[in-house]
Each structure stands twice: as structure tokens, then as C-alpha cells.
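Worksheet: one structure, shown below.
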2 protein chains.
Amino acid sequence: MTKHITSIDVARRAGVSQSTVSRVFSDKHPAVSAETRQRVLTAAADLGYRPNAIARMMSTRRTHIVGILMANITSPFYPYVLEKFLQRLQALDRQALVFTASAHQDVDALLPLVLQHQVAALIVTSATLSSETADECARSGVPVILFNRYVRGGAASAVCADNVAGGRLAADVLLDTGHRRLAYIAGTPDTSTNTDRERGFADRLAERGDTSWRRAQADYTYETGFAAAHDLLAGSDPPDALFCANDIMALGALDAVRQIGARVPEDVSIIGFDDIPMAGWGAYHLTTIRQEVDAMIAATLDLLHAKLDQPDSPPVLRLIPGSLIVRGSVRGLDRTQESGA
Amino acid sequence: MTKHITSIDVARRAGVSQSTVSRVFSDKHPAVSAETRQRVLTAAADLGYRPNAIARMMSTRRTHIVGILMANITSPFYPYVLEKFLQRLQALDRQALVFTASAHQDVDALLPLVLQHQVAALIVTSATLSSETADECARSGVPVILFNRYVRGGAASAVCADNVAGGRLAADVLLDTGHRRLAYIAGTPDTSTNTDRERGFADRLAERGDTSWRRAQADYTYETGFAAAHDLLAGSDPPDALFCANDIMALGALDAVRQIGARVPEDVSIIGFDDIPMAGWGAYHLTTIRQEVDAMIAATLDLLHAKLDQPDSPPVLRLIPGSLIVRGSVRGLDRTQESGA
DNA sequence: TTGAAAGCGCTACCAA
DNA sequence: TTGGTAGCGCTTTCAA
């Protein structure tokens, strides 16, 4: 192992005290003469000194590290989210300790580990957090923001796409364009994104007098979306429109429709949710309800900092409206008809 | 802020010394009587004690944290890589501090920050590292493993797909199936993945007497792949086969071919590189050269631990062979003809 | 403006 | 098997 250079080495070389070296490298710049500072900086450069972030954390008992807890990174929606978070966090001079929860394993089990690392705050994405755990974080003084998830009555703030409104919008779009045999392809059960999208869709349909829509269960993957569409289309009196709880499943559904020799949108219309990059690709041209990811991320970081500045502020739920992105997978929709949700 | 519970609080409550508490929570379990341990554990549970990982690092001067430096998370190949790394690292009881380098910003600039956090090791993915920086890491005793990149003559070990062999394989496949007007769609210049794939392709073509292949520059995105294919196909005497430096561009190329009314593979064959999930989707059925990601990740972690155990071991370059995945985008290839690269 | 010294919460060594 | 104690490298009073 290489000998580690510490502030003491620098102090010795610069002929100053260790405290002075520390002052020079503190973020705020208190009372150090320009000349001394220069001497210290030179000595540090000569030695290749780098302040030890761990020791600094130890001493200040504060961390710049934000924990990110994420399941499902591979779902095409989340890599983008993660990258954005990392970029924004880095710009704010914060580091990110990232954890993934495999679907089966409980997110709550990961929490002690995260907390041990004294993270300044925690962002939880695509993974549910029990309200006990949320409370525990609150007790340790670690602000938690849920991204695209929320706990009912929990102690955690959350930022979500307005999934209910999105579901309603999908219902309106499909009905307005004259579709009459609707079906919903559901995402993973017990996720708030899925239940909210379905609820919005179902409620709006009911309001407009359609109670005969069908439903197939899938779990947010391409393969299950494909299979669900297949099943739906196989029966007699197949649906003429499919609302899919996310884009990936919608893409699978689209391929399924084509595979059985039907056309999109002439024979069946498809509308997705998310607006992932692939939705715009030539082979698909998926009409979808877009989540305003950038706005959601910005809101999350706002909430985070608000909570950091004011630890006692109450939890907040922030809903970010989405919007309809019109491409080619819904019959009777013309590309000027985009609207907010 | 909540009062923080320390090992001293636990010691007091359990009626033991602070050292004993520390022993109980050390990874290795030395010399603590079952009864004492139980008392300590109970007291800790009552108090909600959690060992402070920062203090532990400070004291041991070792970290379990691995830095991951990654650009391009959104390229569909990398989220999978990242998730796998996180999973494997977590299983090994290591945390991951993740940094992204936006393409423009120098990865080297991020390094001091990473090093300040006393990471035990560093994995660099999809981003080049100058050899100076690699040396600097070596000097600080931080093992660096490059994933899918290497620095010539550098001090860092690397794990790569065997891109040269993959390029050769693509050439053979296309020639063997009777294609005669070949073209290469290049990825981002100055990335070793691109240059190696191209070199393998070009060399093999030259060996077999084809020097008339064409080339279009793109940068690994769907859009540029689409545009490059468009250009290639627009001229007179358009190519009858396209080798794309990655799958995303191949998918773009495929959509471009269809858009101008040509058919894949009847009119033009396309072969990609990576085997991302979307390559298998119904709308594409892309024939491609697969990177054995799991093997690459395993090799990376092997190298990492080898280096950790034996800091003086020399840098290693490990090439992981890929294999041909036959789907429907190359004419004249029958699905039994898969082979190693 | 600078230096001395007291921690931060833990590990690890040495004695008992 | 346990307790005492000396750090780890830094920040942060408090004095000079």
C-alpha cells in the first residue's frame, strides 16, 4: 500500500499548522491569508494531497451522499431517471450510493444498510417502502422522497406522475375516437402506478357509460405484454383498442397484433404510458401518455432540499401531469390533438 | 435532529465496555460470550442502534465501497450492466458509489472526487480513462478495472468483449451467405469498441479479398444509425448488407430500410452487435453478435478481487468471446448455424 | 490570521 | 473473555 498523504504532511511541508491546511480545503473560505493559502496549495499539489472525504464526514457528522434505492433498473424508463438523478446530484456536489432491490427481496431489508452509511437523504424509486420503514427514516432524520410511488399515510414525501389523470385521458382518447371494445393490459399488481392508471381508466369509462371493458394481467415486461395481447385478441369479439399500463408492454402488444396478421391502428388501436425512446422508433410509432420525467426529477430534488433545509416540514405528495403524445397507433387521432392530462 | 445512538450508549445500557459492543458488531466474531453478545444485541435493538459505517471506515482505513464510473447509462446495453454490477456487489457486501460522466465532460476530471471517497476499487465503464489517470489510481493503491474499454499500455486491467473477433465473425457471416456489397455503420469514433469491431471486420474482409466495402459514421444512437443507413441506401448501387457497430444503430438501420420500402433481409441484410433485449422483439428479429455480459461482469469482479487480494499483480486484459445469435435479419442464414467468435 | 487541542464513533492492540 | 486506550484524518472551538 502507498503511504497516504494527510493534511499533516501538507502542513509540515508548507510550514503551517494542520488546522490551516484544513481551513484552506474547507468549502467556505475563512480567514486564511492569500500567501499562506498559496503555500499550502503548492505543498498539497507537490505531495498529491487529497482531503479524505471519510474523515471529513466523520468530523462534521454530515454527508453529501444521497442514497438511491431502485428496483428494475433495466426497465427502459428507469435508466434515464437514474442518469438524470446522478447528473443533477453531481452538479449539486453530492454523491450517490446506489442500491438495487431485486424484485423478490424486500426493499425494507436494504434500509439498515443504507442508513448505516449516514446518507443525507434517500430517494426510493420503483420500489415500495413500508410505512414503518418510512417512519424509521424520519426518526433517524433522513428525508426520504419516493419517486413514482407513494405510501398511504406514510411519513415520506413523494413525486408521481399523475397516473389517475393519465388513465382518464387514455379512456377519453379511445372513446372520443370511436373505439367501443376496450381492454386494459395491467402492469405488476400492487404497484401504485398500475392501480392508479387502471383506476383512472376504469372510472372515466364508467362515467361515460362503458362498463364492458376487458382486462388482462401482465407485469410490465415486453413478453407479458405480448402474451396478454395475444390472449385478448384470440377470443371472439376481440377488442378494438388496448390501453397498456406502460410502453414496454404496449410494444409487446403491438408486435402481438401484427403477428396474428392484424393491423395497428386499422384493426386495433394501442395506447401506452411513459413515452420511452423506443415508442418513437419507426417500427412502432406508439401513441402514448408521456410522463414528464425531467419535471418529476426536478420536483424530487426540490422536495429533497426543502426537507434538508427544513427537516420538520410535513410530507408532500406532488403530482406531475403527463400529456398525450400522438403518433400512429391510435386510429382517428390526428397529430394536432395533443393535450395535457 | 435526532440524537444519534452510538456504541457507547449501547455499552452503557448493556453494562459492558464500548469495545465489547464493537466486537459484537464486527464482521468477524471474535471472543464474545454468547450471553454478553445477547445482552448487547438486546440493548442495541432497544435503542435502535446502527453502527456508523463512516466511523468504521475511518477507523479501519478501508472501505467496502466500489466506485462505478459510467457514461451513457441510457444506452440500452448499460443499464443491464449496471444492475448486474450492483447486484453482485451487494451480494459481496459492497456498496457502490456511482458517477456518470456526461459525454463531453472528461472522466479524468471526476477522478479526484472518486478518490477522495476512499473507494476500495473502481470500475470504469463506457468511458475512457487517460493512462495518466490510471497511473494515479495505481499510485493511490486503488485497483481500476475497465469494462469494455482499455488503455493501451495503461496501468489498468480491463475486461472486453472480443470485439476484433466479433468484427471478423460478422465479415465471415456476411460473405458466407453470399453478400457482396457490404457496408459498416460505425459507432462513436475513438472508442475502442468501435475501432476494434471495425478493424476485425475490415481485416477479415481484406483477407478474403473484399476491399470495396463502404462505411458510414454514426455514434451509437438509433437516430444516427437510421440516418447512416439512409445515406448508404440512397446512392446508386446500394449495399446488400449492413454491419452495425451496435444493436441500437442496427435497429435504426432496420427501420430506415423499411421506410424506403426495402425488405430485410431480402433486399438488405443487417447484423448488429450486443444482443440487447430489443433485438429479439417481434418487430426486429435482429441477427447479432452477442456480448456475454454476465461473463464479462463476472470476469470484472474476479479481476477486481484478485487485485484487491494481491495489489501488486500486473494489469490484465481479459477478452470475452461473443457468439452469433441468428434471428431473421441476415438472408441465407439458418437458425442452426450459431457459432462462437 | 494562525495554532493548539478536543473530539467525531469506531477498531484494534495490549493488559488483565 | 473483557476493558482500557490510542489512534484514524478531519473540523471546529478557543486562545494567542
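Naming: A, B, ... by sequence-line order, numbering from 1 per chain.
- Gln116(B) places its CD atom 17 Å from the C1' atom of dC8(D), with the value rounded to the nearest Å.
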Please list, one pair per line, the donor and acceptor atoms closer than 3.5 Å that link side chains of residues 15-22 of chain A to other protein atoms, with sequence neighbours excluded.
| unit_1 | atom_1 | unit_2 | atom_2 | d |
| --- | --- | --- | --- | --- |
| Ser17(A) | OG | Ser19(A) | N | 3.4 |
| Ser17(A) | OG | Thr20(A) | N | 3.3 |
| Ser17(A) | OG | Thr20(A) | OG1 | 3.1 |
| Gln18(A) | NE2 | Ser7(A) | OG | 3.1 |

- Sugar-phosphate or base contact per nucleotide [nucleotides 8-13 of chain C; S, B, -; heavy atom under 4.0 Å]: BBBBBB
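- Direction of the helix axis in the helix from dT1(C)-dA16(D) to dA16(C)-dT1(D) shifts by 30° between the two five-pair termini, rounded to 10°.
- For Glu136(A), the salt bridge (charged side-chain N to carboxylate O under 4.0 Å, His left out) partners at least two apart in sequence or on another chain are Arg50(B).
- With rounding to whole Å, Arg12(A) atom CZ is found 14 Å from dG3(C) atom P.
- Sorted by first then second residue, the ring pair (Phe, Tyr, Trp, His ring centres under 6.0 Å) pairs that include residues 127-150 of chain A, not counting sequence neighbours, are Phe85(A)-Phe147(A).
- Between the side chain of Ser140(B) and the backbone N or O of Val142(B) there is no donor-acceptor pair closer than 3.5 Å.
- For Asp135(B), the salt bridge (charged side-chain N to carboxylate O under 4.0 Å, His left out) criterion is met by no residue, not counting sequence neighbours.
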Side-chain atoms of residues 292-310 of chain A: list all donor-acceptor pairs with protein atoms under 3.5 Å, sequence neighbours left out, distances to 0.1 Å.
| unit_1 | atom_1 | unit_2 | atom_2 | d |
| --- | --- | --- | --- | --- |
| Glu292(A) | OE2 | Ser323(A) | OG | 3.2 |
| Asp294(A) | OD1 | Tyr80(A) | OH | 3.1 |
| Thr300(A) | OG1 | Met296(A) | O | 2.7 |
| His305(A) | ND1 | Leu301(A) | O | 2.9 |
| Lys307(A) | NZ | Ser313(A) | O | 2.6 |

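- Evaluation of the salt bridge (charged side-chain N to carboxylate O under 4.0 Å, His left out) rule for Arg56(A) yields no partner, not counting sequence neighbours.
- When the side-chain nitrogen and oxygen atoms of Thr20(A) are compared with OP1 and OP2 of dG3(C), one or more of them lie within a distance under 4.0 Å.
- Listed by chain and number, the residues in a salt bridge (charged side-chain N to carboxylate O under 4.0 Å, His left out) with Asp9(B) are Lys3(B), Arg12(B) (sequence neighbours excluded).
- One interatomic measurement links the two molecules: CD of Glu35(B) to C1' of dT2(D), which rounds to 13 Å at whole-angstrom precision.
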